[in-house]
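Comments concern the structure below.
Just so you know, these numbers use all the heavy atoms, side chains as well, and skip hydrogens, waters and symmetry mates.
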Amino acid sequence: MAKPNLILRNGKTKKASNGETTEYIFLHDEQVFTVEHIPPTTNGGAHFFFLEVSDESHKKSTWKMEQMPIPKYLIDIS
């Protein structure tokens with residue numbers, strides 16, 4: 001496995017006043033990394049995660065992360 005390109009330390013957590021979202025915010029050099037978690041609104045519903053990166057010019061890029069199934073070769077068959 002390759003070494004990580006970025007290790008996030010000294011982050012902070014920000015919860016929405018209505019309790020519906022949680023943001024995890026980390027600083028690295030001149031960039032701000034924000035992971036937003038939106039929990040399911042129904043029992044057994046999907047969790048949503050978004051990653052936003054802001055650079056030193058305050059330009060933002062956002063990606064929606066999607067769940068992927070675990071590859072069969074990683075599933076314990078015992």
Side-chain angles (χ1 to χ4, degrees):
M1 188 180 299
K3 289 184 178 180
N5 292 325
L6 173 66
I7 297 174
L8 303 173
R9 294 188 178 118
N10 302 321
K12 65 180 182 175
T13 303
K14 185 169 94 178
K15 293 187 181 251
S17 58
N18 58 10
E20 292 182 6
T21 64
T22 303
E23 290 183 348
Y24 303 93
I25 303 162
F26 303 91
L27 305 176
H28 176 71
D29 292 335
E30 296 295 320
Q31 297 176 320
V32 178
F33 294 80
T34 304
V35 177
E36 180 181 15
H37 172 232
I38 302 172
T41 55
T42 60
N43 221 1
H47 290 261
F48 294 99
F49 292 90
F50 296 88
L51 171 64
E52 179 180 277
V53 180
S54 301
D55 65 13
E56 62 276 356
S57 305
H58 302 290
K59 292 182 183 175
K60 293 181 181 181
S61 299
T62 304
W63 298 272
K64 178 181 178 185
M65 294 185 248
E66 296 185 20
Q67 268 189 314
M68 296 178 65
I70 298 173
K72 290 180 184 177
Y73 59 84
L74 292 177
I75 297 175
D76 183 10
I77 335 177
S78 55

Side chains of [X] and [Y], heavy atoms from C-beta outward: is any pair under 4.5 Å?
X: V35; Y: F50; value: no
X: Y24; Y: H37; value: yes
X: F33; Y: L27; value: no
X: H47; Y: P40; value: yes

Determine whether more than 12 heavy atoms belonging to other residues, nucleotides or ligands lie under 6.0 Å from atom CG of N18.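 Counting neighbours around CG of N18, more than 12 heavy atoms of other residues, nucleotides or ligands fall under 6.0 Å, so yes.
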
Salt bridge (Lys or Arg N to Asp or Glu O under 4.0 Å) partners of residues 36-53, not counting sequence neighbours, each pair once: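 As it turns out, the salt bridge (Lys or Arg N to Asp or Glu O under 4.0 Å) pairs with a partner in residues 36-53, which skip direct neighbours, are E52-K60.
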
side-chain contact (heavy atoms from CB on, under 4.5 Å) with E23: which of K12, K14, K15?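 Single pass found, and it is K14.
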
Using the rule that two of Ile, Leu, Val, Met, Phe, Trp, Tyr join whenever any of their side-chain heavy atoms come within less than 4.5 Å, decide whether W63 and F49 are in one cluster.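 Cluster IDs for W63 and F49 match.
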
Could you tell me which non-hydrogen atom of Q31 sits nearest to which non-hydrogen atom of D55, and how far apart they are?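 Between these two residues, the closest heavy atoms are CG-CA, 4.2 Å.
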
Let's go through T34 and L51 carefully: what are the C-alpha distance in whole Å and the side-chain angles of both, what is the deciding distance for side chain to side chain contact (heavy atoms under 4.5 Å, CB included) to 0.1 Å, and is it a yes or a no? CA-CA 6 Å; T34 304; L51 171 64; over 6 Å; no

